[in-house]
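Below is a structure I'd like to ask you about.
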Number of protein chains: 2
Amino acid sequence: MTGFATVLPAGRKRRGEGHTRREEILQAAKDLFLEQGYDSTTIRRIADRVGISAPALYLYFKDKEALMLALCDQTFAHLIEAVGEIERTVADPLERVRRFGEAYVQFGLSHPDEYRLVFLGANIPEAIRKVGHKAATDDPTKPGVGGALVFKRLVGILTELEASGTKLNYPPDTCGELCWMGLHGLVSAFILKPEFPWSDRELLVKGMLDIHLKGILRT
Amino acid sequence: MTGFATVLPAGRKRRGEGHTRREEILQAAKDLFLEQGYDSTTIRRIADRVGISAPALYLYFKDKEALMLALCDQTFAHLIEAVGEIERTVADPLERVRRFGEAYVQFGLSHPDEYRLVFLGANIPEAIRKVGHKAATDDPTKPGVGGALVFKRLVGILTELEASGTKLNYPPDTCGELCWMGLHGLVSAFILKPEFPWSDRELLVKGMLDIHLKGILRT
DNA sequence: GGCGTTAACTGAACATTGATAAGTTATCGG
DNA sequence: CCGATAACTTATCAATGTTCAGTTAACGCC
């Protein structure tokens with residue numbers, strides 16, 4: 001019966017294992033948010049799925065917004081990792097921009113629910129949306145700065161592009177904003193209106209990247 | 001004292017004047033939505049401002065969403081009208097596209113709540129989002145079809161542009177999708193992240209339009 | 001004027017929500 | 001075994017969207 005102690009009690013967590021419960025809550029909340037949206041997902045339902053009472057949730061998250069916030073950071077981390085991979089492997093600055101765009105779109109389209117959660121701010125009160133770019137520190141562990149981090153990477157790539165001798169039509173940050181807006185518009189359109197008879201997806205992605213690269217580079 | 005009968009009783013509406021109360025509610029709701037946002041505006045507060053009880057509101061609107069939808073149609077009518085005005089007064093097809101973009105952006109930025117509800121799929125199940133482009137009837141009185149109507153206008157303008165002899169890099173509907181995606185990305189960025197330190201708004205709007213026009217026209 | 005019909009409206013209440021207070025249980029170090 | 005306390009529960013709150021059952025008052029008609 002000695003091995004019995006290592007089996008999870010299914011009810012209560014062991015003494016230092018609160019963080020485990022915290023992650024269970026996060027997973028359940030993520031599932032439910034994606035299934036039913038933010039507003040329709042109640043604290044009680046999340047707690048039910050985890051197998052605890054509703055107030056127990058407040059031991060791990062200050063309120064419902066904090067829960068959503070934690071999920072946002074989680075999703076941002078994946079995207080930041082993908083972007084970092086490109087910066088590590090692609091040398092040519094111009095190619096980097098294109099690859100960034102492709103990665104960004106592909107991330108959005110292959111994680112439509114998460115993208116919606118984070119970038120579309122669907123059904124999220126305004127207080128949450130605010131943190132996406134707060135002060136923009138470089139510390140990815142701080143909560144709520146993921147959006148600014150991704151964007152800063154893009155601006156960084158564009159700055160290098162300019163430093164490499166390529167003339168731009170706008171300052172790097174303005175170029176970054178324009179590019180991001182175009183890509184975001186593309187991704188959100190596919191996600192929000194999937195049943196609309198859009199033109200060929202590949203064509204639109206390539207077209208959007210071509211348009212923005214052509215529009216940004218001084219001819 | 002005969003004139004007294006024509007004075008509004010300040011409390012109850014005369015027998016056939018319910019529509020007056022309906023418009024009072026719409027006005028109060030519009031003000032409150034703009035002051036405090038959709039979620040924070042309660043039915044009771046709207047009713048208070050109008051000077052009636054909360055249940056009285058349900059005599060005129062099925063629920064809170066119906067209220068917002070009525071406001072959306074109201075404001076979308078303005079956008080469609082603005083686009084029509086452009087089509088009527090601007091002859092040059094190319095200039096039309098630019099003016100369309102400017103009008104679209106200005107509409108989105110001055111009606112962020114309505115824009116969110118219709119184009120960002122904020123709140124409430126798929127019932128609303130679907131009607132945004134359902135078969136796209138040409139009847140502007142049907143609720144919720146404003147979005148599709150506006151898009152059709154853009155494609156129409158681009159088709160005329162092509163018919164006038166200008167070569168495009170993509171089919172007109174693809175061009176329309178790309179342009180709309182860029183504009184939509186711009187507007188939704190401003191709406192969803194209003195406190196982000198964006199570059200100058202005018203510059204971004206002009207830049208986005210320049211980029212897409214340049215990218216769409218065959219050189 | 002009196003009367004019945006009914007549009008316009010109210011008061012009380014319901015179910016559900018996010019959140020808190022106060023108490024309980026079980027785990028662990030010593 | 002024991003005291004401390006992390007982990008958790010039950011009871012409860014105020015606010016919200018919404019409904020129900022009734023009430024009031026404007027109007028047409030005699």
Side-chain angles (χ1 to χ4, degrees), chain A residues 2 4-26 28-29 32-33 36-70 123-128, chain B residues 1-26 28-29 32-33 36-70 117 123-125 127-128:
Chain A
T2 51
F4 200 68
T6 64
V7 166
L8 82 161
R12 176 181 290 237
K13 288 294 176 185
R14 310 283 288 275
R15 255 218 164 183
E17 302 299 315
H19 59 94
T20 306
R21 181 56 39 96
R22 196 189 131 97
E23 279 168 30
E24 289 175 12
I25 294 172
L26 273 178
L32 284 171
F33 283 156
Q36 319 179 343
Y38 178 82
D39 282 331
S40 302
T41 299
T42 72
I43 296 284
R44 284 168 177 81
R45 275 242 265 278
I46 300 172
D48 274 358
R49 179 165 294 199
V50 176
I52 57 178
S53 69
L57 214 146
Y58 289 86
L59 295 175
Y60 304 100
F61 299 94
K62 178 178 155 289
D63 52 20
K64 197 181 178 184
E65 288 190 6
L67 227 181
M68 181 54 122
L69 200 75
N123 306 351
I124 307 174
E126 297 182 19
I128 302 182
Chain B
M1 299 276 280
T2 53
F4 199 69
T6 66
V7 166
L8 81 163
R12 177 181 289 236
K13 288 292 177 185
R14 310 281 290 276
R15 258 224 159 175
E17 303 299 314
H19 59 94
T20 306
R21 182 54 43 93
R22 195 188 134 97
E23 279 168 30
E24 288 175 14
I25 294 172
L26 273 177
L32 284 171
F33 284 154
Q36 319 177 338
Y38 179 80
D39 284 330
S40 302
T41 299
T42 72
I43 296 283
R44 284 170 177 80
R45 237 195 301 251
I46 300 172
D48 275 356
R49 179 165 293 199
V50 176
I52 57 178
S53 68
L57 212 146
Y58 288 85
L59 295 175
Y60 304 100
F61 297 96
K62 178 177 154 290
D63 51 22
K64 193 181 178 183
E65 182 193 324
L67 227 181
M68 187 56 161
L69 253 185
L117 191 75
N123 215 2
I124 325 302
I128 302 290

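Note that the structure is a prediction, hence the values are computed from the model and not measured. Naming convention: chains lettered A, B, ... in sequence-line order (proteins, then strands); numbering from 1 in each chain.
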*So how far is it from B/Thr42 OG1 to B/Asp48 CG, rounded to the nearest 0.5 Å?*
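Going from OG1 on B/Thr42 over to CG on B/Asp48, the span is 7.5 Å.
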*asked:* From CZ of A/Arg44 over to P of D/dT12, roughly how many Å is that when rounded to an integer?
replied: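 Whole-Å distance recorded here is 14 Å.
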Contact check, side chains of B/Leu26 and B/Phe61, non-hydrogen atoms, under 4.5 Å: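 Yes. Closest side-chain heavy atoms under 4.5 Å.
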No-H, no-angle donor-acceptor pair, A/Arg15 side chain to D/dA6 base, under 3.5 Å: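 Such a pair does not exist between side chain and base.
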Checklist entry - Given side chains that start at C-beta, do those of A/Val50 and A/Leu57 come closer than 4.5 Å, heavy atoms only? => result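 The answer is no, as the side chains (C-beta and beyond) never meet within the 4.5 Å cut-off.
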Could you state the CD-P distance from A/Glu17 to C/dC28, rounded to the nearest angstrom?
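Interatomic distance, CD of A/Glu17 to P of C/dC28: 9 Å.
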Scan B/Ser53 against the nucleic acid and name what it touches under 4.0 Å (heavy atoms): base, sugar-phosphate only, or nothing.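 It contacts base atoms.
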- Task: Return yes if the base of D/dA25 and the side-chain atoms of B/Arg12 contain a donor-acceptor N/O pair under 3.5 Å, otherwise no.
- Result: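 No, no donor-acceptor pair under 3.5 Å.
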Does OP1 or OP2 of C/dA8 have a side-chain N or O of B/Arg14 closer than 4.0 Å?
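No, outside the criterion.
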Q: Take atom CG of B/Asp63 and atom P of D/dT16, then tell me their distance rounded to the nearest Å.
A: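 To the nearest whole Å, that distance equals 17 Å.
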Item to check | A/Glu24 vs A/Arg21 side-chain heavy atoms within contact, under 4.5 Å | outcome: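 They are in contact (side-chain heavy atoms under 4.5 Å apart), so the answer is yes.
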Problem - First of B/Arg45 and B/Gly16 reached from the 5' end of DNA chain D, by closest nucleotide - result: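 On the 5' side of the pair lies B/Arg45.
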_DNA chain C: 5'-proximal contact among B/His19 and B/Pro55 (nearest heavy atom)_ =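 Closer to the 5' end of DNA chain C: B/His19.
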Gap between atoms CG and P, on B/Leu67 and D/dT18 respectively (whole Å):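 Between P of D/dT18 and CG of B/Leu67: 10 Å.
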- CG of A/Asp48 versus C1' of D/dC8: gap in Å, rounded?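 Those two atoms, CG and C1', are 15 Å apart.
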Quiz prompt | Interatomic distance, B/Ile43 CD1 vs C/dT16 C1' [rounded to whole Å] | solution =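 Spelled out: CD1 on B/Ile43 to C1' on C/dT16 is 16 Å.
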task: Go through D/dT12, C/dA21, C/dT10 for me and flag the one nearest to the B/Ile52 side chain.
output: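 Nearest to the side chain of B/Ile52 among the choices is C/dT10.
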Just the rounded figure in Å: distance from C1' of D/dG17 to CE of B/Met68.
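Taking atom C1' of D/dG17 as the reference, CE of B/Met68 is at 16 Å.
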Minimum heavy-atom distance between A/Lys64 and A/Tyr38, given as atom pair plus value:
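Distance-wise, the nearest heavy atoms are NZ-O, 3.0 Å.
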Q) Looking at the side chain of B/Lys13, which of D/dG17, D/dT12, C/dA8 is the nearest nucleotide? A)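 The nucleotide sitting nearest to the side chain is C/dA8.
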*Of all the nucleotides listed (D/dA7, D/dT18, C/dA19), which has the minimum atom distance to the side chain of A/Tyr58?*
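The closest nucleotide is C/dA19.
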Phosphate-side-chain proximity, A/Lys64 and C/dG18, N/O vs OP1/OP2 below 4.0 Å |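 Answer is yes, contact under 4.0 Å.
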Q: Round to the nearest Å and state the distance from B/Phe61 atom CZ to D/dT18 atom P.
A: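 Spelled out: CZ on B/Phe61 to P on D/dT18 is 13 Å.
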**Prompt:** Can you tell me if the side-chain N/O atoms of B/Arg21 get under 4.0 Å from OP1 or OP2 in C/dC9?
**Reply:**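 Affirmative; the distance criterion is met.
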Does some side-chain heavy atom of B/Tyr60 sit less than 4.5 Å from a side-chain heavy atom of B/Glu23?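 Of all side-chain heavy-atom pairs linking B/Tyr60 with B/Glu23, none is under 4.5 Å.
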- Message: Measuring to OP1 and OP2 of C/dC9, would you say a side-chain N or O of B/Tyr60 lies under 4.0 angstrom away?
- Response: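 It does, given that an N or O in the side chain of B/Tyr60 lies less than 4.0 Å from OP1 or OP2 of C/dC9.
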- Could you tell me whether B/Thr20 contacts a base, only the sugar-phosphate backbone, or nothing, with contacts defined as non-hydrogen atoms closer than 4.0 Å?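 Since no nucleic acid heavy atom lies under 4.0 Å of B/Thr20, the category is nothing.
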| said: Mind checking if B/Ser40 touches a base, just sugar-phosphate, or nothing, with heavy atoms under 4.0 Å? | reply: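 No contact.
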